[in-house]
Amino acid sequence: MTEHDVLYLRGKASKVFQEGERVTVWGVDTLTGLPVEVEADLVVLATATVPRADSRELGRRLRVSTDEHGFFSEAHPKLRPVESLTAGIFLARRGPVPQGHPGDRGPGQWGGGQALRLFSQSQMVQEPTIAYVDTELCSGCGLCIPACPTRRARCDEWRNVAVVNTALCQGAVAPCTMVCPNKACQLRQPDARQVLTMMEAYL
Ligand code: SF4
Ligand code: SF4
């Protein structure tokens, strides 16, 4: 589209190079599929956004996963976009892709608001379906400890049994329960007898 001597092209640049005083841009018009060559006095590039060099190390310490580029990963891109998989750690930052200043501000405020909401409560609310260890069955093999992605299980060296941090355990898939050879690590949830009792009461 040409209007007031301004040429708008929706395209992709493939190469920008200098020849004498002029800068040449090669690319393709993505609407027509035709190659484009533009000679310009000045080329302004949208610079790449990269994570901090130490983001992976920080993620490792906080137990927050990072993507292949080193950006922190959200728990779910649509349902929990400002939460990390580690309870209590929020991502007050830009969205999953650079969106410009107005678009980035929303997730930043949202993540900060989530953290404030935690501090405004007089009591923490925990999901009931968290893991526990039956110490009578636990052999202290330690298999459940590396299985926990957020390191909520640890070994009580004095008693030689695993213990779960019930305030921080997030339940859900609970890989700690899957690796336990003694079925000592279990999720707190209604067992078959309790479900049957509830059904009887309902019927
Ligand atoms: S359920 Fe198990 S794996 Fe999941 S957070 Fe709790 S201790 Fe860790
Ligand atoms: S895997 Fe099971 S038996 Fe081994 S330490 Fe954990 S709870 Fe105990």
Exercise. For Val43 and Val25, run side chain to side chain contact (heavy atoms under 4.5 Å, CB included): C-alpha distance rounded to whole Å, both residues' side-chain angles, the deciding distance at 0.1 Å, then the answer.
Key: CA-CA 8 Å; Val43 174; Val25 181; 3.7 Å; yes
Where [X] and [Y] come nearest, the two heavy atoms and their spacing:
{"X": "Lys183", "Y": "Leu137", "value": "O-CD1, 3.9 Å"}
{"X": "Arg117", "Y": "Gln121", "value": "O-CG, 3.4 Å"}
{"X": "Pro81", "Y": "Leu79", "value": "CD-C, 3.4 Å"}
{"X": "Val133", "Y": "Cys138", "value": "CG1-CB, 3.8 Å"}
{"X": "Leu91", "Y": "Ser73", "value": "CD1-O, 3.5 Å"}
{"X": "Pro51", "Y": "His69", "value": "CG-O, 3.0 Å"}

Exercise. Assess the pair Phe90 and Trp110: is the distance between their ring centroids shorter than 6.0 Å?
Key: no
Quiz item: With the threshold set at 4.0 Å, does a side-chain nitrogen-carboxylate oxygen contact exist between Glu57 and Arg60?
Solution: yes
Quiz item: Under a 4.0 Å N-O cut-off, is there an ion pair linking Asp41 with Arg22?
Solution: yes
Self-check item: Residue among Cys180, Cys176, Pro181 satisfying side chain to side chain contact (heavy atoms under 4.5 Å, CB included) with Leu143
Solution: Pro181
Once rounded to the nearest 0.5 Å, what's the spacing between atom [atom1] of [X] and atom [atom2] of [Y]?
{"X": "Cys169", "Y": "Leu187", "atom1": "SG", "atom2": "CG", "answer": "7.0 Å"}
{"X": "Thr129", "Y": "Gln170", "atom1": "OG1", "atom2": "CD", "answer": "11.0 Å"}
{"X": "Ile130", "Y": "Gln186", "atom1": "CD1", "atom2": "CD", "answer": "13.5 Å"}
{"X": "Leu62", "Y": "Thr86", "atom1": "CG", "atom2": "OG1", "answer": "7.5 Å"}
{"X": "Cys185", "Y": "Met178", "atom1": "SG", "atom2": "CE", "answer": "10.5 Å"}
{"X": "Ser65", "Y": "Arg56", "atom1": "OG", "atom2": "CZ", "answer": "11.5 Å"}

State, with a plain yes or no, whether a side-chain heavy atom of [X] is found less than 4.5 Å away from one of [Y].
{"X": "Leu7", "Y": "Leu9", "value": "yes"}
{"X": "Pro175", "Y": "Cys148", "value": "no"}
{"X": "Val164", "Y": "Tyr132", "value": "no"}

Practice problem: For the pair Thr66 (side chain) and Phe72 (backbone), establish whether a donor and an acceptor sit closer than 3.5 Å, ignoring hydrogens and angles. | Solution: no
Quiz prompt | Test log, rule side chain to side chain contact (heavy atoms under 4.5 Å, CB included), inputs Glu74 and Glu83 | solution = CA-CA 6 Å; Glu74 60 278 85; Glu83 290 175 54; over 6 Å; no
Quiz prompt | side chain to side chain contact (heavy atoms under 4.5 Å, CB included) between Val23 and Glu39, worked out | solution = CA-CA 6 Å; Val23 179; Glu39 284 203 351; over 6 Å; no
Quiz item: Cluster question for you: counting only ILVMFWY and a side-chain heavy-atom cut-off of under 4.5 Å, with indirect links fine, are Val16 and Trp26 together?
Solution: no
Practice problem: Examine the side chains of Ser139 and Asn182 and answer whether a donor and an acceptor come within less than 3.5 Å of each other. | Solution: yes
Quiz item: Side chains of Arg10 and Thr30: donor-acceptor distance under 3.5 Å anywhere?
Solution: yes
Self-check item: Verdict with supporting geometry, Val28 and Val36, side chain to side chain contact (heavy atoms under 4.5 Å, CB included)
Solution: CA-CA 5 Å; Val28 62; Val36 174; 5.9 Å; no
Quiz item: When you look at CD of Gln194, are more than 12 heavy atoms from neighbouring residues, nucleotides or ligands closer to it than 6.0 Å?
Solution: yes
